[in-house]
**Student:** 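Shown below is the structure under consideration.
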Amino acid sequence: MSDTPRVRFAPSPTGYLHVGGARTALFNWLYARKTGGTFILRIEDTDRERSTDAHTQVILDGLTWLGIGWDEGPLFQGAEGERHRADAERMLAAGRAYRCFCTKEELDAQRAAVKGEGFRYDRRCSRLATDEVARRVEAGMPFTIRLVIPQEELAWDDAVHGRISFQGHDLDDFVILRSDGTPIYNLAVVSDDIAMRITHVIRGDDHISNTPKQIAIYRALGAEVPVFAHVPMILGTDGKKLSKRHGATAVGDYQDQGIFPAAMRNFLALLGWSPGGDREIMPEAEMIEAFSLEAIQGKPAVFDTAKLEWMNGQYLSATPAAELLEPVRRQLDRLGADAGPRDLLPLIDAVKARSRTITQLAEQVAVRLDGPRGAPDAKAEALMKKMGGAFQESLRRAADVLGSLPASGWNADAILDALKASAESSGTKLGDAMQPVRVALTGSTVSEPVNELLAVVGRDASLDRLRRATGA
């Protein structure tokens, strides 16, 4: 086994890259970077019916987008069938495994005899005489290969959960090689991990039940057992296992929604890992420096979308407008908003502090482009209903006073002075005079200061929206 840590992320290409899998990949990557080790990407494509090249590409694209780069790979498990079979044959030759000739019907009968509860294979084929085994093989009888489970403790010191122990007499002599020569999952995984000299297996705790079986295979092959670290599952905010009913669970969905890769990486890292203190916004270098397996918590983590969006907003606010320009333009294209030759940087700067995703940012920029605003949101509708006719009257006063400003004098300071004068002459509080203008321009009760909003939207578009809102 290697002197420096060698870890792997081993997804199956049977679907999208789930956020749980992405977190597992991230923990492996952080550990490799922290220790100067090697991070390997292995694609476990032995399920030929469900595995596809398209799903493989989705996984590669998702990891690339997250900034999780691999040092070796991608390696494909399906290409290693010859080695898997050779390892099964080695265990067979060493007496650590045996051929099982039981048919499906015979196994079903054994299972029915105990009504399916606590069924364990009765090992009848392990008691066959050597010449009888040879006769059946020569006769072409199909067989599987089963591992002899040692009647001893199968335990390990888990880096997350502490000592976990199973007893061999509670486990079945399970099949490691099917009758068609293809390996069962546990054999393929251990064979690959040995060949890749994996030192630490960091994976979800749904694999805890596989671990004693895999330890038995390591011992049967005379190989050193790696360190195991089983990370807790991810729950939704309702305390149930994260699934599509909680919203998006695919990494690609969050990319489409305008989440920053760095924000997603930061958020996933803190799902079940505690770096100490109350740090939440952590640059990559800081995460790598602080990471340790011992700081991974044993209890399930909660995936809170609202917190992810808040975190993304922090990254977005800190990003220069110039770096946001191209992502915003792509989102504007999706929205069907025509930016034309318009300089978007002032618009992006004006609204990025109030946006939590690139999508929201683009929507706010779109509102500030030339053309009519969108439909008012619920709070804006409530304000309009509450004010009644006073809403349009307030807008008419604003339109009159703002219309007196020349295009050359259309700036935030001049606009503020004009609105103050209008409010004073009508005996209206400045805030009350500004809110209808905000709604008329954006369809929302929340925006940057109204004078800055008007300056960004521009004189002609602003006056046009005010007059449209008054029905003029």
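The first residue in the sequence is number 1, and the count goes up from there.
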**Student:** Is the shortest heavy-atom distance from the side chain of Val365 to the side chain of Val351 under 4.5 Å?
**Tutor:** yes

**Student:** So that I can tick it off, tell me whether Glu153 and Arg163 are bridged by a salt bridge, with the cut-off set at under 4.0 angstrom between side-chain N and carboxylate O.
**Tutor:** yes

**Student:** Kindly compute the distance separating CH2 (Trp273) from CE (Met287), expressed to the nearest 0.5 Å.
**Tutor:**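 Spacing of CH2 (Trp273) from CE (Met287) equals 7.0 Å.
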
**Student:** Applying ring-ring contact (aromatic ring centres under 6.0 Å, His included), run through Phe101 and Phe143 and close with a yes or a no.
**Tutor:** CA-CA 5 Å; Phe101 299 91; Phe143 61 86; 5.7 Å; yes

**Student:** So that I can tick it off, tell me whether Arg8 and Glu44 are bridged by a salt bridge, with the cut-off set at under 4.0 angstrom between side-chain N and carboxylate O.
**Tutor:**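 Between Arg8 and Glu44 there is no salt bridge, as every charged N stays at least 4.0 Å from the carboxylate O atoms.
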
**Student:** Check whether Asn28 reaches the backbone of Ile202 with its side chain - one donor and one acceptor, N or O, closer than 3.5 Å.
**Tutor:** yes

**Student:** Is the centre of the Phe291 ring less than 6.0 Å from the centre of the Phe27 ring?
**Tutor:** yes

**Student:** Measure the shortest side-chain to side-chain distance between Glu363 and Val367 over non-hydrogen atoms and say whether it is less than 4.5 angstrom.
**Tutor:** no

**Student:** How far apart are the closest heavy atoms of Ile145 and Ala97, and which atoms are they?
**Tutor:** CG2-CB, 3.8 Å

**Student:** If you take all heavy atoms of Ala362 and Val328, which pair is closest and at what distance?
**Tutor:** CB-O, 4.1 Å

**Student:** Is it true that a side-chain atom of Arg23 and a backbone atom of Leu268 form a donor plus acceptor pair closer than 3.5 Å?
**Tutor:** no

**Student:** Centre of Tyr98's six-membered ring, under 6.0 Å away, within 45 degrees of the axis: is that where NZ or CZ of Arg146 sits?
**Tutor:**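 Not flagged: Arg146 not positioned over aromatic ring of Tyr98.
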
**Student:** Between the main-chain N or O of Asp377 and the side-chain N or O of Glu381, is there a donor-acceptor pair closer than 3.5 Å?
**Tutor:**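 Pair absent, no side-chain N/O of Glu381 close to backbone of Asp377.
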
**Student:** Hey, are the side chains of Thr38 and Arg197 touching, using non-hydrogen atoms and a 4.5 Å cut-off?
**Tutor:**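 Heavy-atom side-chain distance check fails, nothing below 4.5 Å.
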
**Student:** Give, for atom CZ of Phe119 and atom CG of Asp108, the distance between the pair rounded to the nearest 0.5 Å.
**Tutor:** 8.5 Å

**Student:** About how many Å separate CG of Leu345 and CD1 of Ile348, when rounded to the nearest 0.5 Å?
**Tutor:**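 CG of Leu345 is found 5.5 Å from CD1 of Ile348.
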
**Student:** Would you compute the distance between atom CD1 of Ile281 and atom CG of Leu270 and round it to the nearest 0.5 angstrom?
**Tutor:**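 Answer for the CD1-CG pair, Ile281 versus Leu270, is 8.5 Å.
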
**Student:** Please determine whether side-chain contact (heavy atoms from CB on, under 4.5 Å) holds for the pair Asp460 and Asp464, giving the CA-CA distance in whole Å, both sets of side-chain angles, and the decisive distance to 0.1 Å.
**Tutor:** CA-CA 6 Å; Asp460 292 344; Asp464 179 63; over 6 Å; no

**Student:** Would you check if there is a donor-acceptor pair between the side chains of Thr14 and Asp47 at a distance under 3.5 Å?
**Tutor:**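 Side-chain D/A pair, Asp47 to Thr14: absent.
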
**Student:** Looking only at the side chains, is there a donor atom on one of Tyr185 and Asn210 sitting less than 3.5 Å from an acceptor on the other?
**Tutor:**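 No donor-acceptor contact under 3.5 Å links the two side chains.
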
**Student:** Give a yes/no verdict on a cation-pi contact between Lys307 and Phe267, requiring under 6.0 Å between NZ or CZ and the six-membered ring centre and an angle within 45° of the axis.
**Tutor:** no

**Student:** Would you check if there is a donor-acceptor pair between the side chains of Asp45 and Gln77 at a distance under 3.5 Å?
**Tutor:** no

**Student:** Okay, side chain of Arg368, backbone of Gln364: is any donor-acceptor separation there less than 3.5 Å?
**Tutor:**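 Here the side-chain-to-backbone pair exists.
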
**Student:** For Tyr16 and Thr249, which I'm curious about, is there any donor-acceptor pair between the side chains at under 3.5 Å?
**Tutor:** yes

**Student:** Taking the side chain from His84 and the backbone from Glu80, do they hold a donor-acceptor pair closer than 3.5 Å?
**Tutor:**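 Present.
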
**Student:** Of all the heavy-atom pairs spanning Leu17 and Val58, show the shortest one and how long it is.
**Tutor:** N-CG1, 4.1 Å

**Student:** Return yes if a side-chain donor-acceptor contact under 3.5 Å exists between Ser447 and Arg438, otherwise no.
**Tutor:**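 Per modelled atom types, Ser447 and Arg438 side chains form a pair under 3.5 Å.
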
**Student:** Output yes when Arg42 and Glu72 qualify as a salt bridge under the 4.0 Å nitrogen-oxygen rule, no when they do not.
**Tutor:** no

**Student:** Could you tell me whether Asp343 atom CG has more than 12 heavy atoms of other residues or ligands within 6.0 Å of it?
**Tutor:** yes

**Student:** Starting at CG of Asp349, measure out to OG of Ser317 and round the result to the nearest 0.5 Å.
**Tutor:** 10.5 Å

**Student:** So does Thr445 get a backbone contact from the side chain of Lys379, meaning a donor-acceptor N/O pair under 3.5 Å?
**Tutor:**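 Not confirmed, Lys379 side chain does not pair with Thr445 backbone.
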
**Student:** Report yes if some heavy atom in the side chain of Leu177 is under 4.5 Å from a heavy atom in the side chain of Leu187; otherwise report no.
**Tutor:** yes

**Student:** So, Thr182 side chain and Arg178 main chain: donor-acceptor pair closer than 3.5 Å or not?
**Tutor:**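 Absent.
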
**Student:** Start with the C-alpha distance between Leu221 and Met91, add both sets of side-chain angles, then the distance that settles side-chain contact (heavy atoms from CB on, under 4.5 Å), and finish with yes or no.
**Tutor:** CA-CA 6 Å; Leu221 289 170; Met91 290 183 277; 3.6 Å; yes

**Student:** Between Asn312 and Arg356, is a side-chain contact (heavy atoms from CB on, under 4.5 Å) present by the stated rule, with each step listed?
**Tutor:** CA-CA 6 Å; Asn312 195 68; Arg356 292 195 167 184; 5.6 Å; no

**Student:** Under 3.5 Å, side chain of Ser444 to main-chain N/O of Val446, donor-acceptor pair present?
**Tutor:**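 Here the side-chain-to-backbone pair exists.
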
**Student:** Using 0.5 Å steps for rounding, measure from the CG atom of Leu332 to the CG atom of Leu361.
**Tutor:** 8.5 Å

**Student:** Within the distance-only criterion (no hydrogens, no angle test), does the side chain of Arg279 pair as donor or acceptor with the backbone N or O of Pro275 below 3.5 angstrom?
**Tutor:**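 Yes: the side chain of Arg279 pairs with the backbone of Pro275.
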
**Student:** Under 3.5 Å, is there a donor-acceptor pair between the side chain of Asp172 and the main chain of Arg120?
**Tutor:** no

**Student:** Ignoring hydrogens, what is the shortest heavy-atom contact between Val160 and Gly298? Give both atom names and the distance.
**Tutor:**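 Looks like CG1-CA, 4.0 Å.
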
**Student:** A side-chain contact here means heavy atoms from C-beta on lying under 4.5 Å apart; do Ser165 and Trp156 qualify?
**Tutor:** no

**Student:** Consider only side-chain N and O atoms of Thr24 and Arg203, and report whether a donor and an acceptor are under 3.5 Å apart.
**Tutor:**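 Their side chains do not contain a donor-acceptor pair, so the 3.5 Å distance test is not met.
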
**Student:** Classify the angle between the aromatic ring planes of Phe228 and Tyr218 as parallel (below 30°), tilted (30 to 60°) or perpendicular (above 60°).
**Tutor:** perpendicular

**Student:** Is the number of heavy atoms from other residues, nucleotides or ligands under 6.0 Å of Glu289 CD greater than 12?
**Tutor:**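 Atom CD in Glu289 is not crowded, with 12 or fewer foreign heavy atoms closer than 6.0 Å.
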
**Student:** Heavy atoms, side chains only, cut-off 4.5 Å: are Asp193 and Pro226 in contact?
**Tutor:** no

**Student:** Is it true that Phe9 and Tyr31 have ring centroids separated by less than 6.0 Å?
**Tutor:**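 Centroid distance Phe9-Tyr31: not below 6.0 Å, so no.
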
**Student:** Using side-chain contact (heavy atoms from CB on, under 4.5 Å), reason through Leu344 and Leu325 one step at a time and then give a plain yes or no.
**Tutor:** CA-CA 7 Å; Leu344 299 182; Leu325 183 58; 3.8 Å; yes

